Q: 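Dropping the structure in here first, questions after.
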Amino acid sequence: MLEARSLTKTYNGFTALDSLDLSVQAGEIFCLLGANGAGKTTTINLFLNFIAPTSGSVTIRGVDVVANPLETKKYVAYIPETVILYKNLSGLENLSYFAALAGHEEYSPTELREFLRQSGLPEEAAERRVGTYSKGMRQKVGIAIALAKHAESLLLDEPTSGLDPKASNEFANLLRTLRDRGVAVLMATHDLFHAKETGTRVGIMKRGRMVASLETDEVGHADLERIYLEHMHD
Ligand SMILES: Nc1ncnc2c1ncn2[C@@H]1O[C@H](COP(=O)(O)OP(=O)(O)OP(=O)(O)O)[C@@H](O)[C@H]1O
Ligand SMILES: [Mg+2]
């Protein structure tokens, strides 16, 4: 579903991403771990075609992201650290607007409300201005947009940063639901606990390289933290 081959990004001779090989299949949650500046956001932004690769290839469903940016964007939903919404519109109005932008103008208010309900937004909040929402509530609207788009893949850049433990846990449960529906998820995170709990695989990045890749079933929480810290030594 999501695939990078020898993907490299350099900025004036500085290598931000170095020959990354990565593939995320339907029903997998791949968590990118690594220190600040390791290349996680760079990887995600290359899948979104926000930036162009220096060399190598990046494909979604086998379709080249650079050659077909509009087509590949149809298959993905993106949730950054802070989902950007219109503050003066309600959650329902934001969802309606972003779903329509993605080509889904067909939803009735009842259907839109159902996406918000599935994403865990309290029912009373749907018609309230987003400006009054907590961060966790905004992230849930982001998930509702992904549901409304029927996105086959989800690209997440530290989506739970700053969420309280309960909100992080709810977010993790939503990701599991999407995974069970066959969505391919690529997520950058610093949350080792949820990476192990929710992820199917984790990749540890360091200075633009993927230095380890593990199945989460095969390591315990303490092992993952130890392996991570070992890789952070110089
Ligand atoms: N436009 C740019 N020009 C020059 N260097 C850049 C640019 N964008 C990113 N970089 C560099 O690329 C490297 C990788 O950055 P990236 O944002 O991918 O890291 P990250 O793993 O997401 O880190 P964090 O955990 O802090 O979010 C960093 O050294 C960063 O300074
Ligand atoms: Mg980043």
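Everything numeric here is computed off the predicted structure, so don't read it as measured data. Every number for a ligand or one of its atoms is a count from 1 in the order of the listing.
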Q: To which protein heavy atom is atom 25 (O) of ligand 1 closest, and what is the distance rounded to 0.1 Å?
A: Lys40 NZ, 2.8 Å
Q: N/O to N/O below 3.5 Å, does that happen between Gly37 and ligand 1?
A: yes
Q: Could an N or O of ligand 1 be found under 3.5 Å from any N or O of Gly39, whether backbone or side chain?
A: yes
Q: Given Val219 and Ile227, is the side chain to side chain contact (heavy atoms under 4.5 Å, CB included) satisfied, shown in steps?
A: CA-CA 10 Å; Val219 288; Ile227 294 166; 4.1 Å; yes
Q: Can you tell me the protein heavy atom closest to atom 11 (C) of ligand 1 and the distance?
A: Phe14 CE2, 3.8 Å
Q: Kindly compute the distance separating CG (Leu154) from CD1 (Ile143), expressed to the nearest 0.5 Å.
A: 5.5 Å
Q: Between Glu152 and Lys74, does any side-chain N to carboxylate O distance fall below 4.0 Å?
A: no
Q: Within 45 degrees of the ring normal and closer than 6.0 Å to the centroid, is that where the cationic atom of Arg201 sits relative to Phe30?
A: no
Q: Does Lys9 make a cation-pi contact with Tyr11 (under 6.0 Å, within 45 degrees of the axis)?
A: yes
Q: Taking the non-hydrogen atoms of Glu158, is any one of them nearer than 4.0 angstrom to ligand 1?
A: yes
Q: Starting from atom 9 (C) of ligand 1, find the nearest protein heavy-atom neighbour and note its residue, name and distance.
A: Tyr11 CE1, 3.7 Å
Q: Would you mind checking which non-hydrogen protein atom is closest to atom 17 (O) of ligand 1, with the distance to 0.1 Å?
A: Thr41 CB, 3.5 Å
Q: Are there protein heavy-atom neighbours of atom 6 (C) of ligand 1 below 4.0 Å?
A: yes
Q: Suppose I only count heavy atoms of Ala16 and a 4.0 Å limit; which atoms of ligand 1 are within that range?
A: 12 (O), 13 (C)
Q: Looking at Lys135, I want to see if its NZ is surrounded by more than 12 non-hydrogen atoms of other residues, nucleotides or ligands under 6.0 Å.
A: yes
Q: I'd like to know whether the aromatic ring centres of Phe50 and Tyr78 sit less than 6.0 Å apart in this structure.
A: yes
Q: Is atom CD of Glu123 surrounded by more than 12 heavy atoms (other residues, nucleotides or ligands) closer than 6.0 Å?
A: no
Q: What residue and heavy atom of the protein are closest to atom 18 (O) of ligand 1, and at what distance?
A: Thr42 OG1, 2.5 Å
Q: Can you confirm whether something in the protein, heavy atoms only, sits under 4.0 Å from atom 31 (O) of ligand 1?
A: no
Q: Please verify whether a non-hydrogen atom of His190 lies at under 4.0 Å from ligand 1.
A: yes
Q: Restricting to N/O/S atoms, is Thr41 within less than 2.8 Å of the Mg ion (ligand 2) or not?
A: yes
Q: Taking the side chain as every heavy atom from C-beta outward, state whether Leu95 and Leu116 have any atom pair closer than 4.5 Å.
A: yes
Q: When you compare ligand 1 with Ala38, is there at least one nitrogen or oxygen pair between them that comes in under 3.5 angstrom?
A: yes
Q: Can you confirm whether more than 12 heavy atoms, excluding those of Arg5, are under 6.0 Å from its CZ atom?
A: no
Q: I need the nearest protein heavy-atom contact for atom 26 (O) of ligand 1: residue, atom name and distance, please.
A: Asn36 ND2, 3.0 Å
